[in-house]
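Worth knowing before you read on, the calculation uses all heavy atoms, side chains too, and leaves out hydrogens, waters and symmetry mates. Residue numbering restarts at 1 for every chain, and letters A, B, ... go by the order of the sequence lines.
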Amino acid sequence: MLALVDCNSCYASCEQIFRPDLRGRPVVVLSNNDGFVVARSSEAKALGIADLEPFFKIEPLLRRHKVAIFSSNYPLYGDISHRVMETLKGFSPEVEVYSIDEMFLNLQGLQEEWLSYGQRIRTTLWRDVRMPVGVGIAPSKTLAKLANRAAKNIAQCHGVCVLDTPYRWQWLQKRMPVDKVWGVGRRLAKRLGHLGIETVYDLARANPKILRRHTNIHIERTIEELNGTPCLGLEEQPPAKKQIYCTRSFGEKLTELQPIQQAVSLYASRAAEKLRGQGCLVAAMHVFLHTSPHEPNYYSRSVLVQCPYPTDDSRLLAGLAKGAIAELYRPGHRYMKAGVGLVELVPRSLGQGDLFSLGQSKRAGEVMQTLDRVNRHFGRGTLFLGAEGVHKHWKMRQAYRSPSYTTRWAALPMVQI
DNA sequence: TCTGGGGTCCTAGGACCC
DNA sequence: TCTGGGGTCCTAGGACCC
């Protein structure tokens with residue numbers, strides 16, 4: 001058996017921790033660049049605010065109902081998430097952090113009554129972190145995902161759903177549309193619909209071999225998992241990424257080359273930082289630039305850049321990205337977004353140059369180590385490349401950002417006694 | 001419901017080569 | 001100029017996730 005614990009309206013709940021005056025009130029959190037709604041408190045949901053609703057469309061409604069609005073504050077959410085995960089580690093020796101707000105727990109070998117175990121997880125997280133969660137318990141990851149959904153949506157569950165017998169999971173599967181299954185998106189659901197598969201139960205009963213021919217390889221595994229046979233193990237160590245992207249929309253449309261070059265310099269060094277974290281070097285980089293697809297004369301170009309030798313040096317990668325973006329840039333457009341992807345990764349141990357060019361110097365590696373150490377200790381952005389520019393006018397919009405209560409001394413909450 | 005973020009992986013199809 | 005095969009590299013975009 002395993003459990004999936006998922007924070008309720010994660011970002012909105014994080015904001016409420018340090019703003020108890022907002023408990024019981026509608027709260028929404030916006031995506032990067034204040035684009036659209038990515039988290040809603042239950043009171044906000046009750047107002048009919050849909051998930052992923054563009055902010056500009058519903059702003060009047062939010063104002064009318066005095067909804068508390070927040071820009072995404074990832075330093076805060078990351079820190080709260082860390083506290084949640086640390087607390088959960090007390091409930092299982094083997095855990096997988098699946099995303100910022102979800103964790104799988106291996107319950108193998110525990111002698112527990114699952115329903116009360118799930119409730120204990122909930123009350124502990126509320127007591128220690130003030131984070132409301134849903135708990136799904138089942139024999140496979142895919143079923144635990146379904147159970148978690150039920151825990152949140154069916155009031156009688158009181159936040160915990162245990163699917164430990166075929167009777168129980170089939171009861172649920174018959175009442176859930178197939179697109180609620182983990183790994184079945186909008187497109188696949190439509191194709192399954194054409195094959196007469198409407199509910200999760202239909203999918204669980206389908207012939208995996210036949211279905212695989214119509215869809216993809218993963219579907220066989222999903223069907224097994226829906227029938228209680230675990231096919232996906234817990235991944236305590238996240239597998240190494242095959243590619244690493246950093247892409248952002250600009251806070252305002254950009255027409256000049258220089259600020260775009262500054263932005264991609266930042267994206268390149270961010271991606272390089274992740275690359276070093278995974279102990280890899282990169283041999284080729286993908287760089288792209290485009291205007292808004294919602295405006296006329298949509299312009300979009302990308303290019304693959306070969307590195308002179310496998311590297312993890314932010315300075316080299318930022319320089320290459322700047323050069324590439326100059327090639328892609330054409331005057332006369334209003335650019336909305338650019339990005340950098342490290343796409344050909346090699347383990348550091350294999351990072352050798354060819355006969356005619358030397359590999360990355362030892363010194364460059366040491367400089368990067370020092371850069372990372374300083375930024376880890378004093379906070380990201382303490383040391384940065386001059387190529388990124390100092391003022392960064394193109395940075396994303398964050399008009400409603402809360403203080404980073406737990407990660408900046410200056411933002412420490414004050415208590416009056 | 002065409003969806004104004006970001007990340008990762010995958011695949012179709014074109015260009016070019018032998 | 002058209003036709004046939006097979007491979008690699010690259011770009012664009014789809015699909016799914018949170």
Side-chain angles (χ1 to χ4, degrees), chain A residues 4 6-12 14 29-40 50-59 71-74 77-78 81 96-104 141-142 145 148-149 178-192 215-219 221-222 232 238-253 263 267 270-271 274-275 278 283-295 298-306 324 327-328 334-345 395-399:
Chain A
L4 174 64
D6 184 318
C7 302
N8 297 347
S9 322
C10 184
Y11 300 166
C14 287
V29 179
L30 305 175
S31 68
N32 274 344
N33 232 4
D34 295 343
F36 48 84
V37 174
V38 292
R40 306 156 290 156
D51 198 19
L52 305 187
E53 193 101 67
F55 178 47
F56 76 94
K57 280 191 186 165
I58 55 160
E59 193 177 352
S71 304
S72 290
N73 183 349
Y74 284 101
Y77 311 151
S81 167
E96 173 188 338
V97 177
Y98 175 67
S99 75
I100 193 166
D101 71 337
E102 291 171 71
M103 184 181 243
F104 286 107
K141 280 182 158 180
T142 307
K145 275 276 202 182
N148 189 280
R149 177 174 280 273
V178 73
D179 66 336
K180 302 292 181 268
V181 173
W182 194 31
V184 176
R186 198 164 39 96
R187 189 60 185 270
L188 189 50
K190 197 174 164 193
R191 199 175 306 171
L192 291 173
T215 58
N216 61 46
I217 346 163
H218 305 303
I219 202 82
R221 220 174 40 193
T222 299
L232 300 165
K241 304 258 184 291
K242 295 179 181 171
Q243 46 182 232
I244 295 171
Y245 269 81
C246 182
T247 76
R248 288 287 113 88
S249 297
F250 309 126
E252 54 193 41
K253 301 284 191 295
Y267 307 159
R270 263 309 145 67
K274 291 187 211 170
L275 180 73
Q278 155 170 332
M285 176 171 57
H286 182 215
V287 180
F288 72 83
L289 172 70
H290 64 83
T291 63
S292 166
H294 305 282
E295 288 179 13
Y298 177 59
Y299 177 85
S300 171
R301 287 287 177 282
S302 79
V303 65
L304 190 73
V305 184
Q306 296 294 334
E327 272 178 49
L328 302 176
R334 290 159 38 81
Y335 294 99
M336 176 189 115
K337 183 174 184 174
V340 166
L342 310 180
V343 289
E344 216 173 281
L345 307 191
K395 272 179 73 167
M396 61 181 163
R397 281 189 300 272
Q398 292 191 308

Here the distance between atom P of dC10(C) and atom CE of Met285(A), to the nearest Å, is 14 Å
Euclidean distance, atom CD of residue Glu96(A) to atom P of dC17(C) [Å, nearest integer]: 15 Å
Across all chains, not counting sequence neighbours, the side-chain contact (heavy atoms from CB on, under 4.5 Å) partners of Lys141(A) are Leu2(A), Glu96(A), Phe104(A), Trp182(A), Glu225(A), Leu232(A), Leu234(A)
For the pair made of CG in Asp6(A) and C1' in dC17(C), what is the distance, rounded to whole Å? 13 Å
Using a cut-off of less than 4.0 Å, is there contact between a side-chain N or O of Gln243(A) and OP1 or OP2 of dC10(B)? no
Output the rounded distance in Å from OH (Tyr98(A)) to P (dT8(B)). 13 Å
Mind checking if Glu344(A) touches a base, just sugar-phosphate, or nothing, with heavy atoms under 4.0 Å? nothing
Determine the minimum heavy-atom distance between Asp34(A) and Ser71(A), stating which atoms define it. OD1-OG, 2.8 Å
Side chains of Phe288(A) and Thr247(A): closer than 4.5 Å at any heavy-atom pair? yes
Taking the side chain as C-beta and beyond, is there a heavy-atom pair between Tyr98(A) and Lys145(A) under 4.5 Å? yes
Pair Arg301(A), Glu327(A) - check salt bridge (charged side-chain N to carboxylate O under 4.0 Å, His left out), show working. CA-CA 10 Å; Arg301(A) 287 287 177 282; Glu327(A) 272 178 49; over 6 Å; no
Using atom types as modelled and distance alone, determine if a side-chain donor or acceptor of Ser81(A) lies under 3.5 Å from a backbone N or O of Ile100(A). yes
Could you state the atom-to-atom distance from CG of Asp51(A) to P of dC18(C) in whole Å? 12 Å
Would you sketch DNA chain B in dot-bracket for me? Only Watson-Crick or G-U wobble pairs with both distances under 3.5 Å count, crossing pairs as [ ], other-strand pairs as |, the rest as dots. ....||||||||||||||
Can you confirm whether the side chains of Ser72(A) and Asn32(A) place a donor and an acceptor under 3.5 Å from each other? no
Separation of dC18(C) C1' from Phe104(A) CZ (nearest whole Å): 12 Å
Could you tell me if the side chain of Lys253(A) sits less than 4.5 Å from the side chain of Glu295(A), heavy atoms only? yes
With heavy-atom distances below 4.5 Å as the criterion, would you say the side chains of Glu102(A) and Cys10(A) are in contact? no
Whole-Å gap separating P (dC17(C)) and NZ (Lys180(A)): 11 Å
What does Glu53(A) touch in the nucleic acid at a heavy-atom separation under 4.0 angstrom: a base, only the sugar-phosphate, or nothing? nothing
Would you mind classifying the nucleic acid contact of Asp34(A) as base, sugar-phosphate or nothing, using non-hydrogen atoms under 4.0 angstrom? nothing
With sequence neighbours excluded, tell me which residues meet side-chain contact (heavy atoms from CB on, under 4.5 Å) with Arg40(A). Val28(A), Val37(A), Ala44(A), Lys45(A), Ile49(A), Asp51(A)
For a quick test of reading the model, state the closest non-hydrogen atom pair linking Gly185(A) to Asp179(A) and the distance between them. O-CB, 4.4 Å
dC16(C) phosphate, OP1 or OP2: any side-chain N/O from Trp182(A) under 4.0 angstrom? no
By side-chain contact (heavy atoms from CB on, under 4.5 Å), Ala284(A) pairs with (sequence neighbours left out) Leu304(A), Gln306(A), Val343(A), Glu344(A)
With P as the reference atom in both, quote the distance from dC18(C) to dT1(B) in angstrom, rounded to an integer. 23 Å
Between dG13(C) and dC2(B), how many Å separate the two C1' atoms, rounded to a whole number? 15 Å
So which protein nitrogen or oxygen atoms get under 3.5 Å of nucleotides 4-6 of chain B's nitrogens or oxygens?
unit_1 : atom_1 : unit_2    : atom_2 : d
dG4(B) : OP2    : His294(A) : NE2    : 2.4
dG5(B) : OP1    : Ser249(A) : OG     : 3.0
dG6(B) : OP1    : Ser249(A) : N      : 3.3
dG6(B) : OP2    : Ser249(A) : N      : 3.0
dG6(B) : OP2    : Ser249(A) : OG     : 3.1
dG6(B) : O3'    : Arg248(A) : NH2    : 3.3

Between the protein and nucleotides 11-14 of chain B, which nitrogen or oxygen pairs come in under 3.5 angstrom?
none

Look at all strands and tell whether Val37(A) reaches a base, only sugar-phosphate, or nothing, counting heavy atoms closer than 4.0 Å. nothing
Just to confirm, is there a sub-4.0 Å distance from OP1 or OP2 of dC10(B) to any side-chain nitrogen or oxygen of Lys242(A)? yes
For the pair made of CD1 in Ile58(A) and C1' in dT3(B), what is the distance, rounded to whole Å? 13 Å
Find the distance between NZ (Lys395(A)) and CZ (Arg248(A)) and round it off to the nearest 0.5 Å. 10.5 Å
At 4.0 Å (heavy atoms only), tell me whether Ile100(A) reaches a base, stays on the sugar-phosphate, or touches nothing. nothing
